[in-house]
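So the structure is just underneath, and the comments pick up after that.
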There are 2 protein chains.
Amino acid sequence: MSKQEGTPALPGNTEVTNRAPQAFAGEKKYQEIFRVANTTRNQLCPVRDIVARISDKWSMLAIFALGGYGKLRFNEMKYKIGDISQRMLTVTLRNLEADSLVTRTVFPEIPPRVEYELTPLGYSLMEQFVLLVDWAELNEEQIMKFRKLQIRN
Amino acid sequence: MSKQEGTPALPGNTEVTNRAPQAFAGEKKYQEIFRVANTTRNQLCPVRDIVARISDKWSMLAIFALGGYGKLRFNEMKYKIGDISQRMLTVTLRNLEADSLVTRTVFPEIPPRVEYELTPLGYSLMEQFVLLVDWAELNEEQIMKFRKLQIRN
DNA sequence: CGGGATCCACGAGGATACTG
DNA sequence: CAGTATCCTCGTGGATCCCG
């Protein structure tokens, strides 16, 4: 672990940094986004709140499962996701339902039947997730390669 | 908490469900995404792994901070985020650095100075996050309203 | 079948003190 | 200033048993 790395500062440059301009085209915009996404110090930040919920361990997978297969029964989902526990699938689905991302329909039959399905809002969120997954797939190799380089040092 | 809600099944409909077709336009695509994002049962899923790392509690905020303000020193970031602990900022930045999303430059001065900055890869990830935040802002009101409805019942 | 209820383990993350 | 080290809390999530 070398403590000294990368490009050291040009000695004459105290305040005026020579940033790459293209990278900061949206600087103002990103500052605004940061402000919006970080309202916690003024209590309750809905954006942060929502991001927290959608980034828990299972929500994204549950949404993809419903998006890919439409209506699903409880055990169908459990099987498709594979390594989720009964409890966490229940908790996850209840949370998604509470945000109106998923509908839950109980059929008064014996044995009982319950079907879950994405709401339009749920679909729109999944579209965003797809972009994230695309990004991850696209850059997966690069990241993995870099991680392994770290280990060698 | 009523056990019976929403649209009960049309009695005659056993197998052929009358799904809204537009909602399932990309069904195959989403099944594929689900498969890719859920390779855990076959051990190690890079996509899940990457998504997990980038969607932890602090990574997104750190990335926005750097995206909005360019180069930042440790305590500048800590102040801007506000409620992150020293420890977690360190851990978060080290993780981001390990994925080559952030560069860390140490200046051999006294007192020491360390600057963090997004890499191009980090910027490209931030662009994805921006879309998520946009989504959250757009639907925030709807979700909050729905949550409050839940409480009344 | 689709959960609810309970108990428990573990790891993320906070608080504090110390250091090069 | 920018961490490291240590201890401890607490919430997430797994395992198990039970129920309508």
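Each chain gets a letter, A, B and so on, in the order the sequences are listed, and its residues count up from 1. Note that the coordinates shown come from a computational prediction; the quantities given were computed from them, not determined experimentally.
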### Query
Is the backbone of Gly68(B) close enough, under 3.5 Å, to the side chain of Gln31(A) for a donor and an acceptor to pair up by distance?
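Yes, the answer is positive, given that a donor and an acceptor are paired below the 3.5 Å cut-off.
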
### Query
Are Phe34(A) and Leu131(B) connected in a single hydrophobic cluster, I mean Ile/Leu/Val/Met/Phe/Trp/Tyr linked by side-chain heavy atoms less than 4.5 Å apart?
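No.
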
Determine: side-chain N/O of [X] to OP1/OP2 of [N], distance under 4.0 Å, yes or no.
X	N	value
Arg73(B)	dC1(D)	no
Arg94(A)	dG4(C)	yes
Tyr116(A)	dG3(C)	yes

### Message
Can a side-chain donor-acceptor contact be found between Tyr30(A) and Glu127(B) if the only test is distance below 3.5 angstrom?
### Response
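Yes.
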
### Message
Between Lys29(A) and Glu32(A), does any NZ, NE, NH1 or NH2 come within less than 4.0 Å of an OD or OE carboxylate oxygen?
### Response
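Between Lys29(A) and Glu32(A) there is no salt bridge, as every charged N stays at least 4.0 Å from the carboxylate O atoms.
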
### Message
With nearest nucleotide decided by heavy atoms, which residue, Pro111(A) or Thr90(A), maps closer to the 5′ end of DNA chain C?
### Response
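This one resolves to Pro111(A).
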
What is the distance, rounded to the nearest whole Å, between atom [atom1] of [X] and atom [atom2] of [N]?
X	N	atom1	atom2	value
Glu97(A)	dG3(C)	CD	C1'	13 Å
Leu72(B)	dA2(D)	CG	P	11 Å
Leu89(B)	dG3(D)	CG	P	8 Å
Arg104(B)	dA2(D)	CZ	C1'	8 Å
Lys78(B)	dA2(D)	NZ	C1'	12 Å
Ile81(A)	dG13(D)	CD1	C1'	14 Å
Ile110(B)	dC1(D)	CD1	C1'	11 Å
Asn75(B)	dG3(D)	CG	P	9 Å

### Message
Using a 4.0 Å heavy-atom cut-off to protein, can you give one letter per nucleotide of nucleotides 13-20 of chain C, 5' to 3': B if the base is in contact, S if only the sugar-phosphate is, - if neither?
### Response
BBB-B--B

#### Entry: Contact check, side chains of Asp134(B) and Ile33(A), non-hydrogen atoms, under 4.5 Å
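With C-beta onward as the side chain, the pair touches.
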
### Message
Would you say that Arg94(B) contacts Arg104(B) through its side chain, given a criterion of any heavy-atom pair below 4.5 Å between the two side chains?
### Response
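Heavy-atom side-chain distance check passes, below 4.5 Å.
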
### Query
Considering the options Leu96(A), Leu125(A), Asn95(A), which one meets the side-chain contact (heavy atoms from CB on, under 4.5 Å) requirement together with Ser59(A)?
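Only one option passes, and that is Leu96(A).
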
